[in-house]
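Data block below; observations after.
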Amino acid sequence: MRHWLMKTDPDDFAVDNFAKLPRKTTAWTGVRNFQARNYMKEMAKGDLALLYHSSCPEPGIVGVMSIASARAYADPTQFDAASKYHEPAATPDAPRWFLVDVKLERKTELVPLEALRAVPALSGMMILRKGNRLSITPVTDPEWKALEKLLR
DNA sequence: GCCAACGTTGGC
DNA sequence: GCCAACGTTGGC
């Protein structure tokens, strides 16, 4: 099983939004970056992913999710002319953007960005690297073990 | 294929 | 709101 970290702007979708969803599951729409898309294609059902709030007053980890679809599939918003995620070049036969379903396993206490930076074992984490903007990144096994100790 | 211009991300 | 960093676009 692999581990991941997925960012969201809580103004768009926050950890508390899961509470009102059936089975606390949602399709992770709107990823429009090829590298992040490719990571989603590598995901398998049951993989665990940390949920991270970004672009907000208190950036940090706020929950643990599991991948709930068997594999990545076409993001329907790319075909929707009314959506801000519309992709004119994409067709159902040749989709450009993909997504997975994610299920909230548990909400955690906020683990702030500054707390992540304070852990030596996490110094190589992709989201802590200068200039990182990828919204979906893999988490290594050693990093995951160190992160688990921070979750309450 | 290069690269400047532009748009977006995201912490502060 | 600022700004550094990065990805994408488009002219050539």
Side-chain angles (χ1 to χ4, degrees), chain A residues 2-19 21 26-43 47-67 69 71-140 142-152:
Chain A
R2 298 186 65 187
H3 297 106
W4 309 91
L5 183 143
M6 301 170 80
K7 291 187 207 170
T8 179
D9 180 340
D11 288 340
D12 295 332
F13 185 88
V15 62
D16 288 334
N17 291 46
F18 276 105
L21 296 173
T26 189
W28 202 252
T29 56
V31 171
R32 293 296 182 268
N33 171 283
F34 288 103
Q35 226 178 323
R37 180 202 71 177
N38 293 342
Y39 281 137
M40 283 199 288
K41 287 184 167 186
E42 294 179 19
M43 291 176 176
D47 282 1
L48 295 178
L50 297 169
L51 179 61
Y52 181 96
H53 280 175
S54 64
S55 301
C56 58
E58 291 186 308
I61 293 165
V62 292
V64 181
M65 308 186 294
S66 62
I67 306 307
S69 55
R71 60 190 65 80
Y73 60 97
D75 180 342
T77 62
Q78 72 193 303
F79 309 125
D80 179 1
S83 169
K84 67 173 176 174
Y85 298 122
H86 183 229
E87 172 56 67
T91 66
D93 285 341
R96 177 172 298 188
W97 303 114
F98 289 76
L99 54 69
V100 293
D101 294 339
V102 291
K103 175 184 180 181
L104 184 69
E105 293 294 331
R106 66 186 183 103
K107 189 179 168 180
T108 66
E109 291 179 21
L110 173 74
V111 182
L113 176 57
E114 58 182 21
L116 300 178
R117 291 197 193 282
V119 179
L122 299 179
S123 60
M125 264 191 90
M126 285 184 72
I127 62 153
L128 301 184
R129 292 181 199 165
K130 185 172 183 167
N132 163 77
R133 296 187 317 175
L134 258 191
S135 64
I136 296 178
T137 51
V139 174
T140 67
E143 288 165 357
W144 186 264
K145 286 191 178 70
L147 287 159
E148 278 185 318
K149 294 176 188 165
L150 301 177
L151 300 178
R152 297 285 181 272

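Note on naming: letters A, B, ... go to the chains in the order of the sequence lines (proteins, then strands), and numbering restarts at 1 for each one. Just so it is clear, the structure is predicted and the values come from calculations on it, not from any experiment.
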Could you give the [atom1]-to-[atom2] distance, from [X] to [N], as a whole number of Å?
X	N	atom1	atom2	answer
N132(A)	dA5(C)	CG	P	13 Å
L5(A)	dG10(B)	CG	C1'	14 Å
I127(A)	dT9(B)	CD1	P	17 Å
H53(A)	dG11(B)	NE2	P	12 Å
W97(A)	dG7(C)	CH2	P	13 Å
R133(A)	dC3(C)	CZ	C1'	13 Å
L134(A)	dA5(C)	CG	P	17 Å
K7(A)	dT9(B)	NZ	P	10 Å

Classify the side-chain pair R32(A)/T77(A) by whether it contains a donor and acceptor separated by less than 3.5 Å. yes
Just N and O in the side chain of Y52(A): are any of them under 4.0 Å from OP1 or OP2 of dT9(B)?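 Checking Y52(A) against dT9(B): no side-chain N or O falls below 4.0 Å of OP1 or OP2.
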So D9(A), base contact, sugar-phosphate only, or nothing? Heavy-atom distance under 4.0 Å. nothing
Please classify the nucleic acid contact of S54(A) as base, sugar-phosphate, or nothing, using heavy-atom distances under 4.0 Å.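 It contacts sugar-phosphate atoms only.
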Nearest to the side chain of [X] - [options]?
X	options	value
K130(A)	dC12(B), dA4(C), dT8(C)	dA4(C)
L113(A)	dT8(C), dC12(B), dA5(C)	dC12(B)
S55(A)	dG7(C), dG10(B), dC12(B)	dG10(B)
N33(A)	dT8(C), dG11(B), dT9(B)	dT8(C)

Ring of F98(A), cation from K41(A) - is the NZ or CZ under 6.0 Å from the centre and inside 45° of the axis?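 Because its charged atom sits under 6.0 Å from the ring centre and within 45° of the axis, K41(A) does stack over F98(A).
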To the nearest 0.5 Å, what is the distance between CZ on R2(A) and OG1 on T140(A)?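 Result: 10.5 Å between the selected atoms.
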Decide if the gap between the ring center of Y73(A) and the ring center of W97(A) is smaller than 6.0 angstrom.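 When the ring centroids of Y73(A) and W97(A) are compared, they turn out to be at least 6.0 Å apart.
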Answer yes when R37(A) and D75(A) have at least one side-chain N-carboxylate O distance shorter than 4.0 Å, and no when they do not.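 No, R37(A) and D75(A) are not salt-bridged.
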